[in-house]
Colleague: 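Take a look at this one; I'll ask things after.
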Amino acid sequence: MDYTTKDLADLIFPDLPYTIEDLNRMFPPRNLKEGAMVTRFAPSPTGFLHTGSLFTALVAQKAAKQSGGVFYVRLEDTDSKREVAGSSKELLEQLKEFDVVPDEGYLGDGEKGQYGPYQQSKRADIYKAVIKELIIKGRAYPCFCSVDDLNRLRETQERNKQIPGYYGRYASCRSLTLEQQITRIKNGEPYVIRFRSLGNHNHKIEVTDLVRGRLFLAQNDQDIVILKSDGLPTYHFAHLVDDHFMHTTVVSRGEEWLSSLPLHLELFETMGWEPPHYAHLPVIMKLDNGNKRKLSKRKDDEAAISFFLKDGYPKEAIIEYLFTIANSNYEEWHAKNPSLTFEDFHFTFEKMSLDGALFDLSKLQFLAKETMVKFSPKEMKDKALAYAKQYNPELERVILSNPDYFEQIMAIEKDKENPRKDYMKYSELLDKNRFFYNEFFEEMAKEATPFNSTFPKEVIVSVLQDFADTLNFEVPEQEWFEGLKKLANKHNFADNNKIYKANKETYIGHVGDVAEMIRIALTTSKQSPNLYYILKILGKEEVKRRIKLAIEKL
Ligand code: GLU
C-alpha cells in the first residue's frame with residue numbers, strides 16, 4: 001500500500017485539539033511600537049536561583065522595559081527527572097526580591113497573559129500540532145532506536161573518531177520507509193520523534209548574535225530528538241514553538257546555547273518562521289587557583305544568589321554589580337551620575353563583555369558600601385529589619401526593642417556631605433553597634449579593655465575624669481573637637497600627630513590618643529563610628545556612667 005506522510009502523522013497524532021492554523025489565530029502578533037523588544041526569562045525548575053540566571057533575567061527585563069516592550073517568564077519544565085519540587089515558585093519569589101517581576105507569564109502561583117500556558121509541561125498539544133506539521137512536510141520521523149542501540153552507535157563513532165550523534169548515515173531510522181514506520185508503530189514499538197536535518201556539518205553559515213556580532217558556525221546536521229517518549233518536547237524544539245507563538249523578539253540566554261544556534265535556525269527555517277534575534281550572554285566565572293572557571297552549583301556558595309542575601313548584602317548593590325558585568329560602560333556612567341541607578345542607564349547588548357565575566361567580590365563589596373551609605377536612616381532601619389526578620393532574629397529583637405534608637409545609630413554622619421562608609425552588609429550592623437545597647441555593653445565591659453599600655457594608668461584616669469567633668473557636646477562637632485584639643489593640651493597631649501612627632505620631649509601623645517581613651521571607655525573597642533555622634537546618642541548620664549566604670553576597672 002502507498003502511504004503518505006499524512007497517514008503517518010495521523011497515526012501518531014490522531015486527534016489533536018489544534019492545528020497550526022488554530023494556533024496562528026490563538027496567538028496573533030503583539031501590537032507593539034516599532035523597536036519594542038519582547039524578551040523572556042526561561043528557567044528550568046532545577047533548584048535555586050543561580051547568580052548567572054539572575055543576571056540573565058535582569059538583562060532581559062531591562063531590554064524590554066527600556067524599549068517599551070514586554071518581559072515574560074516561561075517555565076521550562078519538560079525534564080521531570082531534573083525537576084526539584086517547589087523550586088519554580090521559589091525562583092519567582094527570589095526574582096521578586098530583586099524587583100524582577102514579569103509583565104506576563106508564569107508567576108509562581110498561576111500565570112497571566114494572552115500567550116499561555118507559560119509552563120511547557122502544559123503545552124504538549126501545542127508542540128504536537130507543530131510536530132504533526134513537520135511529519136507531513138517529511139521533516140520529522142519516528143525513531144525506534146533503543147538506549148542500547150544509541151550507546152553502541154556512540155562507541156562506534158568514538159572508535160572511528162567520528163563526530164558523535166544521530167546524523168547522516170548513522171541515523172538508521174531516517175531511511176525507514178513509511179510502511180516500515182507505520183507497521184512498527186502499529187506493532188506497539190516504543191519510539192521518539194526526530195527532526196530530519198538537511199544540513200551539512202562541513203558548510204558554515206553566517207549568523208548574527210547581538211552580543212558577539214557576525215559569526216560563522218558549522219551548519220547543523222543532527223537529527224535531534226524533538227519529542228521524547230514521555231510525550232514532551234526537548235528544549236530545542238520547545239523553544240522554537242514557544243518563542244514563535246509568544247512572539248519573542250530577542251532570545252537572551254547563556255552562552256552555552258551558542259553551539260545549538262545553527263540547529264535552532266534550521267528549525268525556524270524549516271517551519272518558514274522568522275527567527276528572533278539571539279543574544280548569548282557571558283557565563284559568570286570565578287578565579288580558582290589562578291584559573292578561570294564557571295561558577296559551580298556544587299562547589300561555590302556564591303553560585304546561589306541567596307548566599308549574598310543571607311550574608312546581608314543589599315540587593316540594590318547586587319543589581320548594580322551585575323550591571324557592571326552587563327555593560328562595560330556602566331561603571332563610568334555611574335561614577336558620572338552617582339545619584340542615578342541602573343533603572344536610568346541605557347543598556348545595549350553590544351557593550352556586553354564577550355568573555356566569561358569574572359566574579360569580583362571586592363567590587364561587589366565596594367558597591368555595597370556605596371549603596372548603604374546612600375540609604376537614609378529610616379531606609380537603613382526598614383531594610384535591616386526586613387533582613388533581620390528573615391535571617392537574624394537577634395538583630396530583629398534589638399531593632400524592635402527601640403526602633404527610634406536604632407534609627408539614631410543609623411543616622412551617624414548621615415548629615416555630612418561625605419559620610420563614612422561604615423557598612424557593606426546588614427549582617428554587620430549588630431556587631432559594629434552592640435556597645436550602644438547596655439544589655440551587651442555590660443558583658444563587653446567585663447572583658448579586658450584595650451587601652452594603650454604606653455600611657456601610665458594615672459594619665460588615662462585623669463584624662464577620662466577630666467573629660468567626664470567638663471563634658472560638653474551640645475555644640476557643633478568642630479567646636480566640640482576644639483574643646484577636646486584643649487583638654488588634650490592640659491594633659492600634655494599635642495593637637496595632632498605631626499606636632500607630637502616634632503616635639504616628643506614636650507608631649508606624651510596627641511589628641512588622637514585622647515579620643516581613643518574615650519572611645520575605649522564608651523565602646524570597649526579602638527574602632528567605632530564617629531565619637532561625637534556616639535556621645536550624643538548615649539547622652540550625658542550614660543557617658544558619665546561608662547567613664548566611671550572604665551576608671552574603676554583601671
Ligand atoms: N531553560 C533553559 C535554561 O535554563 C533556557 C534557555 C533559554 O533561555 O532559552 O538554560
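Side chains are part of it too, since the values below use all heavy atoms of this structure and drop only hydrogens, waters and symmetry mates. What you see is a predicted model, and the numbers here were worked out from it, not measured in a lab. Both ligands and their constituent atoms are indexed starting at 1 by order of listing.
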Colleague: On the 0 to 90° scale, with breaks at 30° and 60°, tag the Tyr278-His280 ring pair as parallel, tilted or perpendicular.
Modeller: parallel
Colleague: Taking only residues two or more places apart in sequence, or in another chain, which ones meet Lys315 in a salt bridge (Lys or Arg N to Asp or Glu O under 4.0 Å)?
Modeller: Asp99
Colleague: Under the side chain to side chain donor-acceptor pair (under 3.5 Å) test, which residues partner Tyr118, sequence neighbours left out?
Modeller: Glu104
Colleague: What residues, two or more places apart in sequence or in another chain, satisfy salt bridge (Lys or Arg N to Asp or Glu O under 4.0 Å) together with Lys363?
Modeller: Glu331
Colleague: What I want to check is whether the side chains of Glu266 and Ser197 have a donor and an acceptor closer together than 3.5 Å.
Modeller: yes
Colleague: Report all protein residues having a heavy-atom distance below 4.0 Å to some atom of ligand 1; order the list by chain, then number.
Modeller: Arg40, Ala42, Ser44, Glu76, Tyr235, Arg253, Trp257
Colleague: May I ask you to decide if the ring planes of Tyr235 and His239 are parallel, tilted or perpendicular, using 30° and 60° as cut-offs?
Modeller: parallel
